[in-house]
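Okay, so here's the structure we're looking at.
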Amino acid sequence: MTKPHLSVRGLHKWYGSVHALRGLDLDIPQGQVIGLIGDNGAGKSTFIKILSGVHKQTEGQIFFEGKEAHIARPRDAMNLGIETIYQYTAMVPEMSIARNVFIGREKRKWGVRGFGMLDHAAMAEEAMAAIADVGLHLRSADAPVKDLSGGQRQGVAIARAMHFRSRMLILDEPTNHLSVKETNKVLEYVRQMREQGITVIFISHNLHHVHEVSDRIVAFSRGNKVADLLSEETTVPHMIDLIT
Amino acid sequence: MHFKKMLQTKPEASAFLMLMAMTFVFSLLSPTFLTLGNFQIVLQPIPEIALVAIGVTILMISGEFDLSVGSVFALSPMVMVLLMAAGFPLPVSMIGGLVVAALVGLANAFITIRLGIPSFIATLGMLFMARSMTVVISDGFPPPFPRDLDLWWIVGKVDLLRVSVFWLLGIGILLGIWLRKFDFGSWIFATGGSQESARNMGINVNLVKTTTFMLCSMLAGFAGMIQVFRIKAIVPSMGTGYELTAIAATVIGGAALAGGVGSVIGAVIGALLLAFIENIIILTRVDANWFRFAVGAIIVIAVTINKMTRDVAARAKYKEVEDD
Amino acid sequence: MKKTILKICSAAAFIVGLGATNAFSADDLKFTVLTQTGIDNTFWQTIKRGMDDACEDYQVDCQMLFTSENGNLQMHLQNLETTIGQDVDGIATVIVDDNLYDEAIARAAEKGIPLITINVDDTEGADGNSRLAFIGQDLFQAGYEVAKGLLVGMDKSQPQHVLLGLARPGESWAEDRIGGARLYLDEAIADGWNLTHETIDSANDISVTGQRICQYILGNRKTTAVVGSAFWFAGAGECLRDMGVKPGEIHMGGFDLVPILLDEMKLGYVDLTIDQQPYLQGYLPIQQLYFINKFGLSAFDVNTGKALIRPEDVGSVEKYSAMGVR
């Protein structure tokens with residue numbers, strides 16, 4: 001195994017009296033698709049919330065690209081190049097596609113962050129280009145995201161991550177409630193990203209999707225890692241055994 | 001297609017159409033309605049209620065409520081008048097009043113965000129507290145308003161209008177630009193549209209909401225000052241019930257109670273609609289006991305029309321953003 | 001006018017003296033004053049000032065109970081019942097509904113708690129319930145007087161149209177005053193005046209009421225007079241000036257003394273107001289309740305509101321208004 005893209009050592013998370021992560025050690029190799037599986041409460045969503053800066057670990061260290069990383073806020077994660085795409089809370093439905101692509105990272109004509117005049121034209125143009133890059137064809141960047149299908153939204157979110165040159169992408173249940181056609185499209189996006197050398201953490205309850213697209217499978221149970229194997233070494237029935 | 005597109009993307013569009021339609025119908029109902037003299041009267045309190053509605057609208061876009069605006073509408077000018085009575089010059093007194101308003105907004109934000117109380121409840125509490133403070137600080141007897149002040153710059157008459165209308169225009173345009181063209185404005189929409197998404201994308205939603213809470217209170221305080229300047233009297237009960245009028249104007253103007261949708265111009269149109277409705281009821285001499293019924297019925301009708309046009313527009317729109 | 005003030009002053013001086021001599025004998029008498037309005041009502045703050053002064057003078061323990069918002073009768077009733085349950089030594093309250101309070105007042109009588117109505121009484125007066133006395137304005141009579149006073153300044157040979165502004169439709173104090181005014185206007189019509197009148201819901205907010213009156217006048221240019229059911233109508237002065245209405249063209253009259261009303265009077269837009277002397281409505285019930293408790297004296301009605309104030313009286317009134325006693 002090459003030098004890991006991201007490592008965590010002794011990661012603990014307490015929510016009040018609930019011990020959600022219990023001393024996790026994990027290495028995630030560069031440029032692979034990691035399937036993260038586990039039953040509800042196994043700690044996988046706690047883990048990605050820590051990586052994306054929504055929560056802070058109670059104890060333990062995170063190393064990203066060889067250096068210790070301190071992730072206190074979502075912006076810290078994004079600045080490192082870690083982008084998380086949540087199934088339901090990646091987009092603001094009432095806002096336009098262009099605004100969604102640049103949410104929190106708007107392009108300004110002038111001014112400083114928090115008090116700057118938006119550059120609408122540049123945002124629309126770059127958003128369309130980014131979306132086209134992932135193979136999605138939308139007519140206008142001004143349409144509100146609520147008019148898009150679930151698969152299209154995933155596409156826009158992935159285009160956003162690509163546009164901001166993320167080096168690690170965390171996908172939280174990206175295929176939930178999608179049609180078969182759209183699911184295939186999302187799995188296709190994941191393969192595209194691996195080709196471009198981006199590390200992907202793929203979280204899903206659908207073990208078939210995980211198995212189909214992942215290079216490695218990491219299984220969580222009761223707040224810790226219980227398995228870390230190559231995809232070829234396991235089967236879906238075996239994965240079910242691991243997490244139950 | 002363009003027209004329907006506008007109906008959907010501009011929340012105030014249907015309110016504007018309604019305003020036009022009502023103006024037309026009302027002018028048939030009463031020959032006085034469309035006269036300059038009538039408009040001069042109707043427009044007088046518009047800057048006051050519209051400024052309150054703008055604040056409530058921006059706050060509602062960010063996903064929160066403020067029921068305390070009617071009380072701040074009295075508290076803030078009361079502080080100002082008391083400071084003036086204590087010998088401070090007008091600008092200092094005004095700033096003092098606005099600072100108190102901002103503090104009320106900050107308290108609303110603190111209770112809502114840090115203590116996790118829904119803003120509906122937090123500001124309901126503030127409605128009572130701020131009203132009580134208004135009476136307490138004046139000891140029940142507000143000092144007489146100094147009538148000899150030069151207030152031309154804020155409520156003076158320019159032909160048919162008051163200078164306060166230009167204050168409304170100025171503040172409205174600035175806030176409209178801020179909301180639509182500035183990154184912070186975008187964050188306000190994002191925070192109200194989906195707080196989790198905004199937070200996940202690195203927006204400091206607490207900062208956004210604290211800002212909109214404080215802005216809302218300060219606009220209400222400033223609006224109260226304009227009213228005090230205009231009628232040249234301060235009574236502790238002023239502004240009672242304005243929170244409901246402001247929310248009505250906001251909703252008629254196309255803002256969504258759930259947040260993420262709304263516009264400054266919509267708030268102004270909403271305030272105008274309410275004033276026109278009241279005006280036509282008086283001009284057509286509706287029986288005193290039916291007055292509130294008529295106001296209430298028209299609010300419901302206005303919002304229903306608003307929703308229907310948007311639904312129709314949304315359905316027409318659905319086919320348009322098709323992909324490959 | 002001056003006489004009235006002199007009278008009040010000498011009465012006050014007398015009472016203060018009395019209070020001082022009785023200071024020792026006053027033990028823990030507890031009186032409660034109740035209203036259906038909120039604390040932001042300036043008028044009631046004057047009543048409270050009267051109450052506070054009397055309680056100071058007679059060394060009794062007093063409390064005034066407001067409601068959280070104006071016109072919350074249910075809360076007022078509940079406050080009244082709580083007070084009766086506390087076995088206080090005396091109660092002064094408004095009665096703004098003819099039936100709502102009857103049961104509670106009867107219970108107070110059963111328990112031997114003296115109860116005096118102030119400011120607003122049952123429209124049936126003493127027959128309405130078992131209260132001991134009423135201290136306040138005869139509202140209907142006062143409305144009648146305002147209309148009468150307004151017509152004095154108007155021309156019987158010309159057609160006249162009077163706007164009656166009903167501040168709170170359905171609340172007896174407002175309905176009574178406007179009803180009294182209406183009665184006088186109807187009598188005037190019978191007497192040969194070429195007169196019409198109309199009632200609108202004029203609201204209870206200076207800004208809103210001013211707006212509504214001006215809008216009405218715009219739509220009904222033959223309007224020559226306005227009767228308000230309280231002081232809020234004075235807010236119309238500003239917009240009447242905007243409309244180019246000269247002082248004296250529209251005769252306005254109403255009730256109570258507040259700075260804006262006095263200002264409009266000086267500017268010539270308000271002809272008259274009837275002061276109901278709220279200070280006395282706070283002071284006198286405490287005094288009576290004290291005498292009832294101490295010496296077994298009986299309560300007596302006082303009509304505090306016959307003071308008709310015209311522009312020439314403004315100077316002398318303003319001085320006391322600033323003191324918070326008028």
Side-chain angles (χ1 to χ4, degrees), chain B residues 30-33 35 37-42 44-45 48-49 71 74 127-128 131-132 134-136 138-145 147 155 157 160 162 227-228 230-242 245 275 278-292 295, chain C residues 37-46 48-49 66 68-70 164-166 169-170 178 198-208 210-221 231-232 234-235 237-244 258-264 266 318 321-324:
Chain B
S30 163
T32 321
F33 182 72
T35 58
N38 187 45
F39 268 77
Q40 182 189 11
I41 302 297
V42 175
Q44 287 208 351
E48 297 146 25
I49 192 67
S71 300
L127 176 153
F128 294 113
R131 181 67 68 186
S132 197
T134 309
V135 180
V136 169
S138 62
D139 201 20
F141 297 94
F145 186 83
R147 287 215 153 211
V155 288
K157 278 166 230 156
L160 286 171
R162 293 248 181 192
Q227 179 162 108
V228 167
R230 179 168 65 84
I231 64 180
K232 298 192 177 57
I234 178 137
V235 282
S237 61
M238 65 185 281
T240 304
Y242 276 32
T245 313
E278 192 175 307
N279 182 237
I280 198 66
I281 289 170
I282 293 166
L283 291 182
T284 54
R285 314 170 75 152
V286 171
D287 183 298
N289 297 337
W290 281 97
F291 192 99
R292 284 164 216 222
V295 172
Chain C
T37 63
I39 53 168
D40 50 8
N41 187 322
T42 317
F43 176 85
W44 271 89
Q45 291 290 338
T46 308
K48 182 168 184 293
R49 177 75 48 106
F66 291 96
S68 50
E69 67 270 5
N70 283 315
L164 299 163
L166 184 57
I178 293 302
E198 186 176 16
T199 309
I200 62 165
D201 176 350
S202 60
N204 52 344
D205 177 279
I206 289 180
S207 174
V208 176
Q211 284 294 314
R212 290 193 184 166
I213 290 172
C214 287
Q215 292 177 12
Y216 180 91
I217 291 174
L218 254 171
N220 306 270
R221 278 292 194 174
F231 65 88
W232 298 292
E238 194 69 19
C239 51
L240 286 178
R241 281 189 285 284
D242 285 351
M243 287 161 55
V258 290
I260 184 173
L261 199 152
L262 297 177
D263 282 339
E264 291 299 343
K266 283 190 278 188
E318 267 190 329
S321 181
M323 288 165 62

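Throughout, protein chains are lettered first and strands after them, A, B, ... in sequence-line order, and every chain is numbered starting at 1.
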Please flag which part of [X] lies under 4.5 Å from any non-hydrogen atom of chain C: side chain, backbone, both or neither.
{"X": "B:Ser132", "value": "both"}
{"X": "B:Val42", "value": "both"}
{"X": "B:Ser237", "value": "both"}

* For chain B, the option from C:Gly235, C:Ala203, C:Ser207, C:Pro259 that forms the most heavy-atom pairs under 4.5 Å ->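 When all of C:Gly235, C:Ala203, C:Ser207, C:Pro259 are compared, C:Ser207 has the most.
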
* chain B: which of C:Ile206, C:Asn204, C:Val258 shares the most heavy-atom pairs with it under 4.5 Å? ->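 The candidate making the most pairs under 4.5 Å is C:Ile206.
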
* Worked check of side chain to side chain contact (heavy atoms under 4.5 Å, CB included) between C:Asp205 and B:Tyr242 -> CA-CA 11 Å; C:Asp205 177 279; B:Tyr242 276 32; 4.0 Å; yes

* Test log, rule side chain to side chain contact (heavy atoms under 4.5 Å, CB included), inputs C:Ile39 and C:Lys48 -> CA-CA 10 Å; C:Ile39 53 168; C:Lys48 182 168 184 293; over 6 Å; no

Report which part of [X] has an atom under 4.5 Å of a heavy atom belonging to chain B: side chain, backbone, both, or neither.
{"X": "C:Asp242", "result": "both"}
{"X": "C:Arg221", "result": "neither"}
{"X": "C:Ser202", "result": "neither"}
{"X": "C:Glu264", "result": "side chain"}

* Asked: Does B:Arg162 reach the main-chain N or O of B:Gln44 with its side chain, forming a donor-acceptor pair under 3.5 Å?
  ->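 Here the side-chain-to-backbone pair does not exist.
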
* Kindly say whether B:Asn38 contributes a backbone atom to a donor-acceptor pair with the side chain of C:Gln215 at under 3.5 angstrom? =>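 It does not hold such a pair.
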
* Structure fact -> C:Phe43 meets the ring pair (Phe, Tyr, Trp, His ring centres under 6.0 Å) criterion, sequence neighbours left out, with none

* What residues, two or more places apart in sequence or in another chain, satisfy ring pair (Phe, Tyr, Trp, His ring centres under 6.0 Å) together with B:Phe33? -> B:Phe26, B:Phe39, B:Phe276

Who among [options] has the most heavy-atom pairs with chain C under 4.5 Å?
{"options": "B:Gly239, B:Pro45, B:Pro31", "result": "B:Pro45"}
{"options": "B:Asn279, B:Asp139, B:Val235, B:Thr134", "result": "B:Asn279"}
{"options": "B:Glu48, B:Met238, B:Lys232, B:Arg230", "result": "B:Arg230"}

* Asked: Do B:Gln40 and B:Thr35 come close enough that some side-chain heavy atom pair is under 4.5 Å?
  -> no

* To do: Evaluate the criterion side-chain hydrogen bond (donor to acceptor under 3.5 Å, both in side chains) for residue pair B:Arg131 and B:Thr240; output intermediate values, then yes/no.
  => CA-CA 9 Å; B:Arg131 181 67 68 186; B:Thr240 304; 3.3 Å; yes

